[in-house]
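None of the values given here were measured: they were computed from a predicted structure.
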Amino acid sequence: MRVHQVEDSFGRKKLVKLWEPEGYPFEAEAIQQIENMARMPFVHKHVAVMPDAHAGKGSTVGTVIATKGAIVPAAVGVDIGCGMMALRLSLTADDLPDSLSHIRGMIEAAVPHGRGTMDQIRGGRDPGSWGNPPASVVERWKYLEKGYDAIIAKHPKIAQRRLPTQHLGSLGTGNHFIELCLDEENRVWVMLHSGSRGIGNAIGTYFIEKAKEEMHRYHIADYLPDQDLSYLVEHTEVYDDYCEAVEWAQEFAMENRKEMMTAVLRVLRQTLPPFMSEQMAVNCHHNYVTRESHYGENVWVTRKGAVQAREGTLGIIPGSMGTGSFIVEGKGNPNSFHSCSHGAGRTMSRTKAKALITMEQHAEAMKGIEARLDADVLDESPAAYKPIGAVMAAQDDLVEIKHRLRQVLNVKG
């Protein structure tokens, strides 16, 4: 960890604590975003920067921000509640068939992925219009529906953007994935990565705009270093409404991962020998905001691309689609606000990756892994990410590695 110091507009010293991987310095745009955030008057103590950090919209991906009396919706982002879930099975590598292509096809059919898939399958808010969905989906939606209705009663424009029922139990696009993995003892794990999908995006986008409106309303906008640092102030109605909506979206994301895991296990029970679920590693967010106590005060902690790593807490740090992942246990380091990285971190933008990485290079990096090999996944190729080994080495004071997983099957959104 290294400490970086900046000054705010009043000449007050503000600190940034960075876990920078050796040989992979943070880019200038990310550092500028981090400094902008650190200068905000409501930041508590310092900003913590994880080793997978890279520039994002308004706030750097891979940052942990503790705040008092205010929340920055753009720092939470629009992929609200995005996170990981992993489950160890009683199977070993010997229980898997030589070819996993048919299992990949069955998982892709069982878990809707890509853009618009759920709209095509379900097409309406009423669970009765879904066409015989699994009972678990209907039960989970009924549980969530009351909270959703309360949110859109106050903010009906959110409902005009996206309906939650169209996305519950779906994977999405981008870096979201489902994998079968093997650990160091060749035990089989199921791991997946997704969040609150379209409805989380609608909530995040809506309240980011509301925060900007608040800044103009109180004549603060012109003094912000970045309009995406617009914030909501405690004890205002819009702040309370955002807290309610973001908490709902985070719960939706948890339920979404549970439903996808149920669907994947259903496929595996059809194709593999009988098995039991031995160990739930974690079902946790890495894009979210929550109330916690740090340095003796109750604060909001925004983790934008970071995982909670309290002492003894299990978490998941995935690498790229070809380089494996880690099950970790937190060490409870107060300097990081009990956090660690959420992945390897990009070294290339998606556009740059598609321009520079060839299909031949991608195929070579994915040897031995059952996965899609087409131009649509080049932006997720391992070469677009930092080496996960360097990222893990930079945070050995934050987490202890419990298991190293290597994927044998990958389904990309």
Side-chain angles (χ1 to χ4, degrees), residues 52 54-57 61 76-85 104-123 137 161-179 190-205 208 249-250 252-261 263-264 285-288 304-305 316 318-322 325 342-346 348-355 357 359 362 366 369-385 407 409-413:
D52 59 337
H54 57 92
K57 185 173 175 59
V61 178
V76 181
V78 298
D79 200 359
I80 300 171
C82 186
M84 302 287 302
M85 186 175 184
R104 177 167 68 88
M106 291 176 70
I107 292 174
E108 289 173 343
V111 181
H113 57 286
R115 296 185 186 279
T117 309
M118 297 303 288
D119 294 349
Q120 297 163 11
I121 290 177
R122 293 178 180 159
V137 176
R161 294 171 179 265
R162 194 73 68 175
L163 295 177
T165 50
Q166 296 170 333
H167 282 171
L168 184 61
S170 69
L171 184 61
T173 60
N175 61 353
H176 295 161
F177 63 80
I178 299 169
E179 290 183 338
V190 181
M191 186 165 68
L192 56 85
H193 171 209
S194 193
S196 54
R197 301 287 287 109
I199 184 57
N201 187 299
I203 288 171
T205 301
I208 287 170
Q250 289 168 185
F252 181 92
M254 282 277 198
E255 294 299 326
N256 187 44
R257 289 192 288 272
K258 289 177 184 177
E259 180 53 39
M260 285 189 290
M261 182 63 76
V264 173
H285 308 311
H286 53 225
N287 281 359
Y288 72 114
K304 181 167 184 164
I316 306 170
S320 67
M321 65 187 294
S325 303
H342 82 310
R346 299 191 70 88
M348 300 183 195
S349 69
R350 295 189 181 279
T351 301
K352 185 176 180 181
K354 287 189 173 183
I357 302 171
M359 276 303 305
H362 179 63
M366 294 299 293
I369 302 171
E370 174 59 43
R372 284 170 50 204
L373 296 176
D374 57 59
D376 287 340
V377 297
L378 284 179
D379 57 336
E380 283 296 308
S381 193
Y385 285 84
Q407 59 268 78
L409 180 152
N410 173 279
V411 172
K412 267 291 179 190

Side chain to side chain contact (heavy atoms under 4.5 Å, CB included) involving Asn410 - partner list, sequence neighbours excluded: Phe177, Glu179, Met321, Ile369, Ala371, Lys412
Counterpart residues, side chain to side chain contact (heavy atoms under 4.5 Å, CB included), relative to His54 (two or more places apart): Glu27, Val61, Arg346
Does the [X] side chain pair with the main chain of [Y], one donor and one acceptor, at a distance under 3.5 Å?
| X | Y | result |
| --- | --- | --- |
| His193 | Asn175 | yes |
| Asn256 | Gly169 | yes |
| Gln407 | Ser320 | yes |
| His176 | Ser194 | no |
| Asn287 | Gly81 | no |
| Ser196 | Ile80 | yes |

For [X] versus [Y], what's the shortest heavy-atom pair and its separation?
| X | Y | result |
| --- | --- | --- |
| Arg257 | Gly195 | NH1-CA, 4.1 Å |
| Val264 | Val190 | CG1-CG1, 3.8 Å |
| Pro318 | Ser325 | CA-OG, 3.2 Å |
| Ala344 | Gly319 | CB-CA, 4.3 Å |

Nearest 0.5 angstrom please: [X] [atom1] to [Y] [atom2], how far?
| X | Y | atom1 | atom2 | result |
| --- | --- | --- | --- | --- |
| Ile208 | Ile203 | CD1 | CD1 | 12.0 Å |
| His362 | Lys354 | NE2 | NZ | 11.0 Å |
| Tyr385 | Asp379 | OH | CG | 7.5 Å |
| Ile178 | Glu108 | CD1 | CD | 9.0 Å |
| Arg197 | Cys82 | CZ | SG | 10.5 Å |
| Leu192 | Lys258 | CG | NZ | 12.5 Å |

Test side-chain contact (heavy atoms from CB on, under 4.5 Å) applied to Met260 and Met85, step by step: CA-CA 10 Å; Met260 285 189 290; Met85 186 175 184; over 6 Å; no
Verdict with supporting geometry, Met254 and His285, side-chain contact (heavy atoms from CB on, under 4.5 Å): CA-CA 8 Å; Met254 282 277 198; His285 308 311; 3.4 Å; yes
Check against side-chain contact (heavy atoms from CB on, under 4.5 Å), Arg104 and Arg372: CA-CA 9 Å; Arg104 177 167 68 88; Arg372 284 170 50 204; 3.3 Å; yes
Pair Leu409-Ile107, side-chain contact (heavy atoms from CB on, under 4.5 Å): steps then yes or no: CA-CA 10 Å; Leu409 180 152; Ile107 292 174; 4.2 Å; yes
Residue pair Glu380 / Arg350, side-chain heavy-atom distance below 4.5 Å: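 Yes, close enough: below the 4.5 Å cut-off.
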